[in-house]
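Have a look at the structure below before the remarks.
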Amino acid sequence: MFTPARDLFADLTPDQRAAVEHGEGPLLILAGAGSGKTRVITRRVAHLLQCGVKPWSILAITFTNKAAGEMKHRVDALAPGNKVWISTFHSLGARLLRQYADRLNIDRNFTIYDVDDRNKLVKDALDRAGIDNVKFTPERLAGAISKAKNALQRPKEYEQQARDFFTQTVARVYTLYEKALRQANGMDFDDLLYLPALALKLNEEFRAELDARFKYVLIDEYQDTNQAQYEIARRLSLHHPNLCVVGDPDQSIYKWRGSDIRNILDFERDFPAARVITLEQNYRSTKAILHAASVLIDHNKQRKKKTLVTGNPQGDPVRTLTFDNGLDEAEGVVLRIKQAVEAGRFRYRDHAIFLRINALTRSLESAFVKHGVPFQIVKGLAFFDRKENKDILAYLRLLINPADTVCFLRAVNEPARGIGKVSLERLVNWANEHEMTLTAACGNAARIPEIKGKAAAGLREFYRLMTELRAKIDLPPHEVIREVLDQSGYRKMLAETGDEDDADRLANIEEMITAAKQFHDEDATRTLADFLEQITLASDVDSHDEKADSVSVMTLHAAKGLEFPAVYMLACEQGILPHNRSIESGKDEELEEERRLCFVGMTRAMRELHLCHARMREFRGQITYQVPSMFLDELPADVDRQDVAGGKNTARAAIDEWRSGYRSAGGRAGLPPVKPTIPAGDGSGYAVGQVVQHDEYGIGQVTDVSGFGALRRVKVRFPAAGEKTFVADKVKLRVVKRG
DNA sequence: AAACCGGCCATTTTT
DNA sequence: TGGCCGGTTT
């Protein structure tokens, strides 16, 4: 090895340094929360490059695309212009499947099926197999299929070990689903791991080639890998066992998704020569926070003891806050944040609010808007989940993959072309009989005797349209989308109604076109297919904008890997955290995962940590008494426990009072949730979060800015009048306070 | 073929 | 509470 440049090590501790410096051979880094593991992986990649390792022989796997992007950025700063592969497991899988499509005997133009698409396909399979007398939902069956794939069980293998009625049903559906998926040339999320893993397992030539190609493999968050991912990691490291994994068993929170904590616990068994480095020095949190989190996690029985230490100051005590009800909690937290900012203690972006479940974001939104506090809800696909965007995406996917049945069925009659349910059913049957894709059958519509009149004409028109558009798929992504929007009649459908909502929808599609343009501007070699893949594989945190000065709201799962100066964890109540599902399961294992989840949330905090709960909470229209989380009881005695319920008690009569107060204060009922948009530096003068004044409606807060030029709309939520949409160019709004 | 309505249902976390 | 499905009407 060459003598490495000084600067790579200057700011590292001896343990970190050892991990970075480690040469050949397997390496396990047990990195406690906040111990700088990302830095270690990044430096290690840079170090390998400095030692003369070829960039293309390094493969680094992260948990999110965002983390991959950041690592790429940092590695590039340390070793400019390198070609190291840095991606998530899923992106890696997609890339391998496309690159080696011919050898693996698959069509490289496959489309990636998200959970919705998958469930639809499972439902179809169910209908076609005539399995509707059973109570198993498509989601549940799809979940079981997903598990099977994670465990690398093919339909036949699964069938052989299916013993009870449920698993036998799953076996039948699995077989049908796989067939449908392959016919549609689709890959579900699990396939992106499962197929490469199987190929590596069954095809030694393929395995050896990739093993030799990726001589150094580094994997972050190893405690959350599932069996398929494990298989990939291990089989890429047989001849060149330079596998470096980093993880923390205390932060394993994805067991429900098939991850297996044994992967990290058994690493030394899998690689007896492995060197183990433990990082226990925490650089993130105050002593108070670290102590509280350590005491909590110590309640887990199935755990290898580990003691985190920090040289940071003691800091403020960890605080628990007791509120009377969920609305008070939301408002109380927002106000506390606002005060902290106004007092100059923190900026908005220093704050994060963590939730166990997404459903809890609603009341928070109202509170944020009410008090003019800027916020972002970190929930990735919300924008692309809108109907209009999904419709356009269906066209795009169908252009690239004509076999995509789910997209065909979505696009074919949107806008309406007179093709109804019955005609489509006939088309699907005919296609199945003739073993054709729906697109091909559509081209043969004239030969299908049962389809006539308007439906036949509509299908003919749709086929012509798609053929025409397909000639343009090599244009830059945003141009293809514009062609689709114009040629398909979708724009016409939205433009001619004069409906305000339709104008909004059009503006949303225009926004997607802008996103595609940005995507293309960043790197002109990227295609439409790349754009679609990025959208599908995006994670929630990928949409997190840490530059915006707003409070971040996200689930505990999304919070992994992040850090914030001040953290609020809401609804620390029995049934929510830990979640009912885990309590009801009666399994310690599941309860311990909830505790780890709580631990992950707590250890995100650098300086202030507030754990909140309410005595009453409305859920699904029902008001229930809530019991504080058992985890709050498990915290050390030096935690500052504050009851801020303001004298309100828990007597029965109080419920009705509270309810009537809630109802009358609920003038905002029925308002759509605020779209989490990044305040755009787009020259419109308006940005989400701003407080503005309107002549008629008074003071309100901007909740959305969309569209461009004459199409630009600004959405404002008024306390009294509710949400209104204005044409930005026309409306007179005075900006009272910047967001 | 498409819009409309009413009852039913489920309720975690995500690449 | 609200989202979805299935039935009914236009």
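In what follows, chains carry the letters A, B, and so on, assigned in the order in which the sequence lines appear, proteins first and then strands, with residues in each chain numbered from 1.
Comparing the same atom, P, in C:dC4 and in B:dT13 gives a spacing of 15 Å after rounding to whole Å.
In this structure, the side-chain contact (heavy atoms from CB on, under 4.5 Å) partners of A:Thr64, at least two apart in sequence or on a different chain, are A:Lys66, A:Ala67, A:Ser539, A:Val541, A:Asp542. A:Ala495 pairs by the side-chain contact (heavy atoms from CB on, under 4.5 Å) definition with A:Leu506, not counting sequence neighbours. With sequence neighbours left out, A:Asn109 forms a side chain to side chain donor-acceptor pair (under 3.5 Å) with no residue at all. Applying the ring-ring contact (aromatic ring centres under 6.0 Å, His included) rule to A:Phe531 yields the partners A:Phe519; only residues at least two apart in sequence or on another chain are considered. By the side chain to side chain donor-acceptor pair (under 3.5 Å) test, A:Ser582 is found to be paired with A:Glu594, residues two or more places apart in sequence or in another chain being considered. In this view, A:Tyr174 satisfies the ring-ring contact (aromatic ring centres under 6.0 Å, His included) rule with no residue, not counting sequence neighbours. For the side chain to side chain donor-acceptor pair (under 3.5 Å) test, residues two or more places apart in sequence or in another chain that qualify with A:Lys390 are A:Asp116.
A distance cut-off of 5.5 Å between ring centres, combined with a plane angle under 30°, places A:Trp256 in a stacking arrangement with the base of B:dT13.
Of all nucleotides listed (B:dT12, C:dC5, B:dT15), C:dC5 comes nearest to the side chain of A:Lys123. Distances from the side chain of A:Arg362 to the nucleotides B:dT15, B:dT14, C:dG2 place C:dG2 closest. Counting only heavy atoms from C-beta on, A:Ile357 has its side chain closest to B:dT12 among B:dA1, B:dT12, B:dT15. Of all nucleotides listed (B:dA1, B:dT13, C:dT1), B:dA1 comes nearest to the side chain of A:Val422.
Rounded to whole angstrom, the span from the NZ atom of A:Lys379 across to the C1' atom of B:dT12 amounts to 11 Å. Remark: C1' of B:dT14 and CG of A:Asp190 are 11 Å apart, rounded to the nearest angstrom. The nearest whole Å value for the distance from the CD1 atom in A:Ile232 to the C1' atom in B:dT15 is 13 Å.
Near DNA chain B, meaning a heavy atom under 4.0 Å away, the residues from residues 575-585 of chain A are A:His579, A:Arg581.
Nearer the 5' end of DNA chain B, as judged by each residue's closest nucleotide, is the contact made by A:Ala455, out of A:Ala455 and A:Arg118.
Within the nucleic acid shown, A:Ser91 has no heavy atom closer than 4.0 Å to any nucleic acid atom. Residue contacts shown for A:Phe89 are absent, as no nucleic acid heavy atom lies under 4.0 Å away.
Listed pair A:Asn150 / B:dT15 fails the phosphate criterion, with no side-chain N or O lying under 4.0 Å from OP1 or OP2. Distances shown here put every side-chain N or O of A:Thr88 at or beyond 4.0 Å from the OP1 or OP2 atom of B:dT15.
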Review item, nucleotides 2-9 of chain B N/O atoms under 3.5 Å of protein N/O:
{"residue": "B:dA2", "atom": "OP2", "partner": "A:Asn413", "partner atom": "ND2", "Å": "3.0"}

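The side-chain tip of A:Arg262 does not point at the ring of A:Tyr230 from less than 6.0 angstrom away and within 45° of straight on.
Two residues are said to be in side-chain contact when any heavy atoms from C-beta on lie closer than 4.5 Å; A:Thr225 and A:Ile232 fail this criterion.
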